[in-house]
Amino acid sequence: MSTPVLSVDDLRTQFPTDRGVVRAVDGVSLSIEPGEIVGLVGESGSGKSVLAESVLGIVEEPGEIAGGDIRFDGESLLEMTDEQRQSIRGGRMSMIFQDPMNSLNPTLTVGEQIAETVRLHQDTGESVTLSAELKRKIVGAAKNGEAWRRAIEMLESVQIPEPEARADDFPHQFSGGMRQRAMIAMALACEPDLVIADEPTTALDVTIQAQILEELEDLKDEFDTAILLITHDLAVVAETCDRVNVMYAGEIVERAETRELFSSPEHPYTQGLIASTPQLENPDATLEPIEGNVPDLIDIEYACHFAPRCPEAERECFERAPEFRSVGDDHEAACLRRGPAGDRL
Ligand SMILES: Nc1ncnc2c1ncn2[C@@H]1O[C@H](COP(=O)(O)OP(=O)(O)OP(=O)(O)O)[C@@H](O)[C@H]1O
Ligand code: NI
């Protein structure tokens with residue numbers, strides 16, 4: 001077995017608030033092998049983004065990682081200095097967010113910001129300065145550099161038409177879909193081992209969304225990058241991911257290979273999610289929403305976080321924490337009412 005690119009072990013991330021401690025990530029374990037696309041799916045408020053922020057080391061104050069470990073290429077990120085983490089971020093590990101306008105610098109041309117990332121993280125022998133843009137305009141020197149060539153190459157590989165001309169555009173001159181492509185180009189420019197993509201296509205219309213997901217898959221193959229794809233959209237997961245983790249109220253409740261998960265979902269929450277999602281093949285089928293809402297993650301006192309919404313819950317579900325049990329090939333669910341006959345409630 002190879003070393004996983006990412007392995008998260010019993011991670012706990014929490015936010016102290018006036019009303020109590022929000023346990024946004026409450027004992028999560030997951031791992032990603034090199035070159036895999038792993039999905040993280042669950043309703044709004046289940047802790048997906050906080051998990052991503054924990055891995056990236058950008059949890060908002062006063063939030064903190066209160067327990068567990070996160071290993072990247074075998075090394076604990078939590079034991080590293082801020083400096084070490086920073087040098088990994090944007091280089092060997094990069095991110096793509098829902099709104100590229102917030103992640104792109106509006107005052108730098110698209111080509112220049114990709115080139116800057118390359119200069120920062122790869123040893124091109126070119127200096128990194130905030131005034132690189134200015135220098136380039138005045139002297140034009142940076143355009144002959146390796147980093148600038150790399151930027152053009154990346155814009156080309158994410159299918160930006162006329163990449164050499166468009167590299168001189170500012171982010172606001174790009175359409176939404178093109179901005180997201182530029183984000184992807186930037187995220188992949190240093191050939192990272194891992195990309196964390198948090199709702200990367202949610203803001204885009206369906207056609208562009210499909211194109212971008214397809215591109216992400218192609219790029220994954222080209223660069224052998226592992227991707228953690230976070231979404232609340234099951235269709236995106238079904239289309240794109242090799243494996244899936246289903247998250248509910250701060251916990252992973254089920255994990256399996258994608259096809260297995262959709263053909264035989266086991267956890268009542270996953271079953272509920274699938275039943276409440278419109279099916280492409282069968283758009284007229286009646287949808288059955290899961291009743292109730294994700295609880296706010298303060299002081300959850302019952303053992304299975306889904307129990308209050310679960311159609312199958314028994315009293316014991318509120319009292320005894322469910323451990324992961326095997327429910328199929330490489331397929332596990334954390335539910336007392338599932339698993340081998342002898343264990344099942
Ligand atoms: N800075 C913060 N301070 C306090 N609570 C926070 C903070 N950030 C997130 N939370 C809480 O953590 C929980 C998980 O939020 P998170 O954004 O991770 O959910 P999500 O699964 O990404 O949802 P969505 O699909 O809407 O993006 C929520 O209850 C949220 O209110
Ligand atoms: Ni989120």
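This is a predicted model, so every value here is computed, not measured. For ligands, and for the atoms within them, numbers begin at 1 and follow the listed sequence.
For the Ni ion (ligand 2), the neighbouring protein N/O/S atoms at less than 2.8 Å, given as residue and atom, are S49 OG.
A salt bridge links R19 with D296; the closest basic N to acidic carboxylate O contact falls under 4.0 Å. Taking 4.0 Å as the cut-off between side-chain N and carboxylate O, E215 and R181 count as a salt-bridged pair.
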- salt bridge (charged side-chain N to carboxylate O under 4.0 Å, His left out) assessment of D168 paired with R166: CA-CA 5 Å; D168 281 326; R166 298 312 301 255; over 6 Å; no
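If you run side-chain contact (heavy atoms from CB on, under 4.5 Å) between L228 and each of V8, V195, V5, L40, only L40 comes through.
Residues G250 and V28 approach most closely at O-CG2, 3.4 Å, considering heavy atoms.
If you look at ligand 1, the protein residues with a non-hydrogen atom under 4.0 Å away are F15, V22, A24, E43, S44, G45, S46, G47, K48, S49, V50, E60, E199, L297.
Under the 4.5 Å side-chain criterion, counting only non-hydrogen atoms from C-beta, R338 is not in contact with R325. Contact annotation: the side chain of I65 approaches that of L78 to within less than 4.5 Å [non-hydrogen atoms, C-beta and beyond].
Hydrophobic clustering of Ile, Leu, Val, Met, Phe, Trp and Tyr side chains at less than 4.5 Å, counting indirect connections, unites V110 with I212. Residues Y269 and L336 do not share a hydrophobic cluster, defined by chaining ILVMFWY side chains whose heavy atoms lie under 4.5 Å apart.
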